[in-house]
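Have a look at the structure below before the remarks.
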Amino acid sequence: MIQWDAATIKQFQDTLLGWYDAHGRALPWRRDHAPYHVWLSEVMLQQTGVQTVIPYYERWLAHWPTLTDLAAADEAAVLKEWAGLGYYSRARNLLKTAQIITQERGGQWPTTAAGLKQLPGIGDYVAGAVASIAFGEPVPAIDGNAYRVFARLLLIDTDIRSGAAQRVFRAAITPLIPQDRPGDFNQAVMDLGSSYMTAKHPDSAHSPVAAFDAAYQQGVTDQYPVKSAKKKPVAKTYTALVLTTPDGQAVWQQRPSRGLLASLWTWPLLTGDQRAATVPELLTQLAAAHAITMASAAVLRDQSVGAGSVTHVFTHQHWTVYLRHLTLAAPTALPANARWLPLAQQTLAEPTLQRKMAAYYNKNKTD
DNA sequence: CAAGCGTGGGA
DNA sequence: TTCCCAAGCTT
């Protein structure tokens with residue numbers, strides 16, 4: 001690892017900030033430094049691309065313009081607004097933190113990274129980003145960009161997926177932060193990491209900090225950062241039941257409040273490939289899995305949906321979902337975590353998996 | 001501290 | 001198809 005002297009650090013700061021002043025991106029969350037705006041954007045941007053986030057960010061602020069507005073929201077409304085962005089605990093933690101600040105802290109944000117980190121959903125990165133950008137604290141905000149940029153500049157070969165990475169990079173980056181512009185410094189590093197110093201196809205030669213880029217100078221850019229491989233997703237198979245009445249009402253099932261797609265709504269899912277199962281078998285499994293009981297005599301029609309399946313990839317799971325469509329004569333009683341709603345309901349939070357299933361159903365339905 | 005937790009895009 | 005990547009946090 002390379003250590004810069006004080007003069008080099010000053011030159012680096014001036015070069016980076018000069019470039020940022022001239023070429024920094026004009027993003028919606030950079031219109032001001034309000035902690036609510038900085039925090040919301042940083043949470044949305046976790047593992048999520050800028051282009052994906054922009055429309056969600058704008059819709060969210062139209063819905064809840066202030067932290068106080070958000071604190072008064074229902075969790076169901078928050079999840080509905082978040083639906084499609086993924087990592088849904090982020091949305092639940094946004095609401096929790098809004099409530100803590102509004103109700104327990106009199107609307108006052110902690111103004112240091114250490115204080116911010118006590119709040120739900122705020123870890124090292126978001127704490128550093130909000131503290132530096134909104135409150136001017138000279139602390140690093142170490143995200144994937146910062147890991148990549150400084151691994152190359154300083155030839156840091158610590159695996160950025162290892163437990164030691166946060167400590168090693170924090171020690172390396174902290175001395176480089178300008179006391180007067182920590183927020184701009186951190187944002188400049190992010191812009192550098194998403195332009196010249198990208199993961200794939202970087203343009204190190206034209207980077208404003210090429211002269212400080214040891215990996216580029218030594219021709220070893222492709223060896224930094226060191227990052228161990230992820231595991232392959234595990235394959236899982238399910239069968240979704242489209243349970244409708246003749247007038248187009250369908251059974252919607254809320255997932256458990258913890259775990260994958262927590263609290264979101266889908267059509268009932270049975271484990272395994274149930275394309276060959278009999279109707280009584282399906283209803284038995286439905287009762288066992290979801291406590292939804294229906295007399296088999298009430299089933300008017302039993303149809304398969306399409307010849308194929310819906311596939312959806314999560315971080316650690318690869319799902320294949322088959323669809324069966326059962327038409328019932330009339331609605332039956334449902335447990336508390338299930339509802340009869342129109343097949344194309346618009347009121348509950350649906351994960352992308354459900355939107356894919358609905359699209360597949362609409363394309364392949366038979367009547 | 002390894003594993004769980006979403007999604008969309010690009011090569 | 002498969003893999004990797006994108007402004008991580010929690011348990």
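When reading the values below, keep in mind they use all heavy atoms of this one structure, side chains included, and skip hydrogens, waters and symmetry mates. Just so we're on the same page: letters track the sequence lines, and every chain starts at 1. Please read all numbers here as calculations on a predicted model, not as lab measurements.
In this model, the phosphate group of C:dC5 is not approached by any side-chain N or O of A:R148 to a distance below 4.0 Å at OP1 or OP2. Residue A:Q47 places none of its side-chain N or O atoms closer than 4.0 Å to OP1 or OP2 of C:dA6.
A residue-by-residue look at A:V50 and A:I122 shows that A:V50 has its nearest nucleotide of DNA chain C further toward the 5' end. In terms of position on DNA chain B, the residue among A:K200 and A:G163 whose nearest nucleotide sits closer to the 5' end is A:G163.
Across all strands shown, A:R30 has heavy atoms under 4.0 Å from base atoms, whether or not it also approaches the sugar-phosphate. Contact annotation for A:L27: base contact, defined as any heavy-atom pair under 4.0 Å involving a base atom. Residue-level contact check: A:L261 touches the backbone only, with heavy atoms under 4.0 Å from sugar-phosphate atoms and none from bases. If you check every strand for non-hydrogen atoms under 4.0 Å, A:D124 touches sugar and phosphate atoms only. Contacts of A:G193 with the nucleic acid, taken as non-hydrogen atoms under 4.0 Å apart, are absent. Within 4.0 Å (heavy atoms only), A:S89 reaches no atom of the nucleic acid at all. Within the 4.0 angstrom heavy-atom criterion, base atoms lie near A:W29. Contacts of A:Q51 with the nucleic acid, taken as non-hydrogen atoms under 4.0 Å apart, are absent. Counting any heavy atom pair closer than 4.0 Å across all strands shown, A:V53 reaches no nucleic acid atom.
In this structure, A:Y196 has its ring center no closer than 6.0 Å to that of A:H206. In this structure, A:H312 has its ring center closer than 6.0 angstrom to the ring center of A:F314. Checked against the 6.0 Å centroid threshold, A:W4 and A:F12 count as a close aromatic pair. When ring centroids are compared, A:F169 and A:Y147 come within the 6.0 Å threshold. Annotation: A:W252 is not in aromatic contact with A:W340 [ring centroid separation under 6.0 Å not met].
From the 5' end on, the contacts that DNA chain B makes with chain A at under 4.0 Å to a non-hydrogen atom open and close at B:dA3 to B:dG10.
Checked by atom type and distance alone, the side chain of A:E137 never pairs as donor or acceptor with a backbone atom of A:V139 at under 3.5 Å.
The separation between A:F169 atom CZ and C:dG8 atom P is 14 Å, rounded to whole Å. With rounding to whole Å, A:Y147 atom OH is found 9 Å from C:dG8 atom C1'. We find that CG of A:L85 is positioned 12 Å from C1' of C:dA6, with the value rounded to whole Å. Distance, A:M190 CE to C:dA6 P: 14 Å, rounded to whole Å. The CE atom of A:M197 sits 12 Å away from the P atom of C:dA6 (whole-angstrom rounding). Taking atom CG on A:D143 and atom P on C:dG8, their separation rounds to 5 Å, with Å as the unit. If you measure from atom NE2 of A:H201 to atom P of C:dC4, you get 15 Å, rounded to the nearest angstrom. Put simply, CD on A:Q46 is 5 Å from C1' on C:dG8, counting in whole angstrom units.
For the C1' atom pair drawn from C:dA7 and B:dA3, the interatomic distance equals 22 Å after rounding to whole Å. Distance check on atom C1': B:dG6 versus C:dC5 gives 14 Å, rounded to whole Å. Comparing B:dC1 with C:dC9, their C1' atoms sit 14 Å apart, to the nearest whole Å. Taking atom C1' on both nucleotides, B:dC5 is separated from C:dA6 by 15 Å, rounded to a whole Å.
Residue-to-nucleotide contacts include a donor-acceptor pair under 3.5 Å from the side chain of A:R25 to the base of C:dA7.
A:E281 has no carboxylate O lying under 4.0 Å from a charged side-chain N of A:R324, or vice versa, which leaves the two without a salt bridge. Comment: A:D191 engages A:R25 in a salt bridge, judged by a side-chain N to carboxylate O separation of less than 4.0 angstrom.
Residues that satisfy the side-chain contact (heavy atoms from CB on, under 4.5 Å) test with A:E75, not counting sequence neighbours, are A:L79, A:R92, A:L95, A:S263.
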